[in-house]
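So you know, we letter chains A, B, ... as the sequences are listed, proteins then strands, and number each from 1. Given the structure is predicted, the values throughout are model-derived calculations rather than measurements.
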Amino acid sequence: MKIVTYNVNGIKARLPRLLEYLAEQQPDVVCLQELKASDETFPVKDIEAAGYGAVWHGQKSWNGVAVLAKGTAPVERQRGLAGEVEDEHSRYLEAEVGGTVIASIYLPNGNPQPGPKFDYKLRWIDRLRARALDLLAEEVPVVLAGDYNVIPNDDDTYSVRAMQEDALMQPESRAGFRSLVAQGWTDALRTRNPKGGIWTFWDYQAGAWQRDAGFRIDHLLLSPIAADRLVDAGVDKDYRGREKASDHAPTWVRLR
DNA sequence: ATGTCCTCTACGAGAGGA
């Protein structure tokens, strides 16, 4: 089964691109981030017409996550993360699809740093780690898929220098991501491409796509049972070069 | 530092976020 994470940067603007992707790739599961749409305006009819069931956690203007499944309705397990009652950002949605637990994650960007947005990012990572530990204890196949807004290693970016001051690459961001993975998760893309040099995001600005000036921030973390079933992982890069593309490319894992 | 894009408000262009 092919499981995809895709930050669409606005579901309304990206709907033609998404429907095209579903038709062409026929993925089994798709985790979406940055819907930038309220629950009421999520285009569920178009997605169902494409043959997919969906659960979603929307928010007007910002954030918003969803889980789509081909030919079946994902069963929602949890929306949002515990630990901060006043947090109203729609950034976490967990569902079950055919016995596999799937989480769609939109980790805070954290820029500018230092500052309150960066502090929020680090707290959010801690809250995610707490949830991830609970999921590991369930001993079921789990895929934590999403836009983590963390560049894990120096070889995950076209330029360490250009990103040096960015929240995505700060030691604290990396340490949080590393300690999450160290719980026992497998970073699927990294496992398949241990030398790095794989990008999932290219900025709209400064001709980043044309220069291949990207970095890897969309990740799929596999629980041990899911990791045993890993066949391959990759990036459907050409969708980044199409008309009205998102700044992220769909990033996927294939499990037996 | 930023050459772009998306959304909202509210009808025209600027703010805010990434």
| request: Taking the side chain as every heavy atom from C-beta outward, state whether A/V4 and A/V29 have any atom pair closer than 4.5 Å. | output: no
| query | What salt bridge (charged side-chain N to carboxylate O under 4.0 Å, His left out) pairs are there with at least one residue in residues 243-253 of chain A, not counting sequence neighbours? | reply | none
| said: Could you check whether any side-chain heavy atom of A/Q26 comes within less than 4.5 Å of a side-chain heavy atom of A/K2, counting everything from C-beta outward? | reply: no
| message | Assuming nearest nucleotide by heavy-atom distance, tell me which of A/A13 and A/P108 is located more 5' along DNA chain B. | response | A/A13
| task | Using the test side chain to side chain contact (heavy atoms under 4.5 Å, CB included), find all partners of A/A162 that sit at least two apart in sequence or belong to another chain. | result | A/Y158, A/S159
Identify each atom pair where a protein N or O and an N or O of nucleotides 2-4 of chain B are less than 3.5 Å apart, giving names and distance.
residue: B/dT4; atom: O4'; partner: A/Y204; partner atom: O; Å: 3.1

| message | Please pick, from B/dT7, B/dG17, B/dC5, the nucleotide with the shortest atom-to-atom distance to any side-chain atom of A/R14. | response | B/dC5
| Quick one: does A/Q113's side chain have a donor or acceptor within less than 3.5 Å of a partner on A/E165's backbone? | yes
Atom pairs under 3.5 Å: protein N/O with N/O of nucleotides 8-10 of chain B:
residue: B/dT9; atom: OP1; partner: A/K60; partner atom: NZ; Å: 2.9

| message | Need one value for A/Y106: base, sugar-phosphate or nothing, where a base atom within 4.0 Å counts as base even if backbone is also close, heavy atoms only. | response | sugar-phosphate
| message | Under the salt bridge (charged side-chain N to carboxylate O under 4.0 Å, His left out) definition, can you give me all pairs with a residue in residues 196-212 of chain A, not counting sequence neighbours? | response | A/D212-A/K237
| request: Can you sort out the partners of A/T200 under side-chain hydrogen bond (donor to acceptor under 3.5 Å, both in side chains), two or more places apart, ordered by chain and number? | output: A/D218
| said: Does A/R161, at its CZ atom, have more than 12 non-hydrogen atoms belonging to other residues, nucleotides or ligands within less than 6.0 Å? | reply: no
| said: I want to verify a distance call: between B/dC6, B/dG16, B/dA18, whose nearest atom is closest to the A/W62 side chain? | reply: B/dG16
